[in-house]
Amino acid sequence: MTINVRFFASLRERIGQATMTLDADGITTARDVWKAVSGESPDEEMLVAINKEYAGLDRAVADGDEVAFFPPVTGG
Amino acid sequence: MTINVRFFASLRERIGQATMTLDADGITTARDVWKAVSGESPDEEMLVAINKEYAGLDRAVADGDEVAFFPPVTGG
Amino acid sequence: MTVEIREHPFDPWQTVSEYRSNHLVAGKSGASAVFVGTMRDFNEGDEVQAMVLEHYPGMTEQQLKDMRDQAVSKHDLEDALVVHRVGTVHPGDDIVLVAAFSAHRKAALDACREMMEVLKSTAPFWKKETLAQGERWVERNTPR
Amino acid sequence: MTVEIREHPFDPWQTVSEYRSNHLVAGKSGASAVFVGTMRDFNEGDEVQAMVLEHYPGMTEQQLKDMRDQAVSKHDLEDALVVHRVGTVHPGDDIVLVAAFSAHRKAALDACREMMEVLKSTAPFWKKETLAQGERWVERNTPR
């Protein structure tokens with residue numbers, strides 16, 4: 001399964017890159033994606049979007065999905 | 001006692017003039033002024049200003065005061 | 001200058017823009033909340049062709065100034081601006097501009113709304129509409 | 001056109017004025033409620049020299065569009081407009097414009113406030129401030 005992973009703002013800086021392509025088996029949810037790319041448990045405040053729509057960490061991901069991780073938003 | 005009386009909007013049209021000088025004795029309150037100039041009891045909704053500040057109908061008036069009568073305001 | 005009665009058409013957006021440039025310190029008021037009321041071509045189901053706005057010279061300005069000063073004080077605003085048309089207006093003409101400038105958005109939005117409510121309920125202005133069938137006084141403002 | 005991300009400085013007042021002239025039918029929307037957010041030169045007690053606004057291309061526009069469409073529908077607005085800056089901004093630069101146009105002032109004011117709250121809590125934008133001592137990410141928006 002191939003997942004296109006994106007990071008924004010402070011998470012982008014922490015991971016050290018803005019995008020990543022994850023090729024892995026055994027990945028079911030956005031939480032699995034985060035663990036695979038960061039080696040950590042997700043921060044409680046971290047936000048997730050799947051295919052540019054907000055999603056929960058336990059939402060299922062599918063082959064080809066774009067999964068984005070970012071901190072609380074601060075626009076306006 | 002001399003009172004400078006002013007009327008606005010529909011009241012001005014009903015009275016037929018915008019200003020009036022009332023020279024009369026026996027006038028104590030704004031209500032007395034209204035009765036003297038109109039011959040009627042004041043409408044419940046009528047608003048009163050004495051010297052360009054809102055006042056109740058039973059507020060006392062003094063020689064030289066400007067007393068204005070007008071309908072509910074409709075600005076904005 | 002923070003309260004004005006205008007006898008001729010004015011552009012409320014240009015007025016706000018110029019006021020901000022000329023009277024506000026850039027970088028201090030992060031929040032600007034503005035309400036503009038514009039004459040509509042219909043009221044209570046009737047087509048309105050024109051309208052005359054009457055006011056009480058002297059009293060109206062003072063009422064608006066008190067209202068503006070109280071809003072600035074209550075909401076700790078950086079500044080506030082009130083402009084109101086009088087005279088003959090036509091559909092599409094702007095009638096009222098109320099602007100509140102603050103460091104915080106809640107203060108600006110609250111103050112803008114409150115000033116409009118106070119203006120609508122207490123500022124001495126009266127509207128007379130010209131309809132196809134003749135003229136009529138607007139008897140009261142809509143509650144909101 | 002009702003939702004825009006701008007990469008360069010913009011004049012929110014001119015934007016509203018032009019939008020009204022070009023897209024609204026004169027005489028229909030009597031009430032315009034507008035909020036403009038401007039970069040301040042201080043935050044949490046520190047002087048801020050500049051700020052970078054990051055967004056999520058594609059998702060941010062869609063979030064703003066959904067927010068705008070929901071406000072129009074919920075409040076029966078004539079129209080609504082949302083503009084947001086991205087990129088490097090400086091104190092005094094305008095960051096966000098939210099405008100609601102309605103026949104009624106309560107609908108316009110309610111919608112304007114609600115859009116700002118939804119934008120602040122859900123639109124994918126992030127601010128990084130440049131201070132004298134270096135850079136820092138803004139960690140969360142003020143609740144109001």
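Proteins get letters first, then strands, A, B, ... in listed order; numbering begins at 1 in each.
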- Message: Quick check on the structure: residues of residues 32-46 of chain C within a heavy-atom distance below 4.5 Å of chain D, by number.
- Response: C:Ser32, C:Ala33, C:Val34, C:Phe35, C:Val36, C:Gly37, C:Thr38, C:Met39, C:Arg40, C:Asp41, C:Phe42
[X] [atom1] to [Y] [atom2] distance, which is reported to the nearest 0.5 Å:
{"X": "D:Arg20", "Y": "C:Asp94", "atom1": "CZ", "atom2": "CG", "result": "4.5 Å"}
{"X": "D:Asn141", "Y": "C:Arg105", "atom1": "CG", "atom2": "CZ", "result": "6.5 Å"}
{"X": "D:Asp110", "Y": "C:Arg113", "atom1": "CG", "atom2": "CZ", "result": "4.5 Å"}

- Among C:Ala31, C:Ser29, C:Ala100, C:Ala108, which residue forms the greatest number of heavy-atom pairs with chain D at distances under 4.5 Å? C:Ala31
- Which answer fits D:Asp93, side chain, backbone, both or neither, if we ask what part of it has an atom under 4.5 Å from a heavy atom of chain C? neither
- Tell me, side chain or backbone of C:Ala99 under 4.5 Å from chain D's heavy atoms, or both, or neither? neither
- Message: If you count every heavy atom of other residues, nucleotides or ligands that lies below 6.0 Å from D:Gln49 atom CD, does the total exceed 12?
- Response: yes
- Note on the structure: Closest heavy-atom pair, D:Ala26 versus C:Gly92, reported as atoms and distance to 0.1 Å, is CB-CA, 4.3 Å
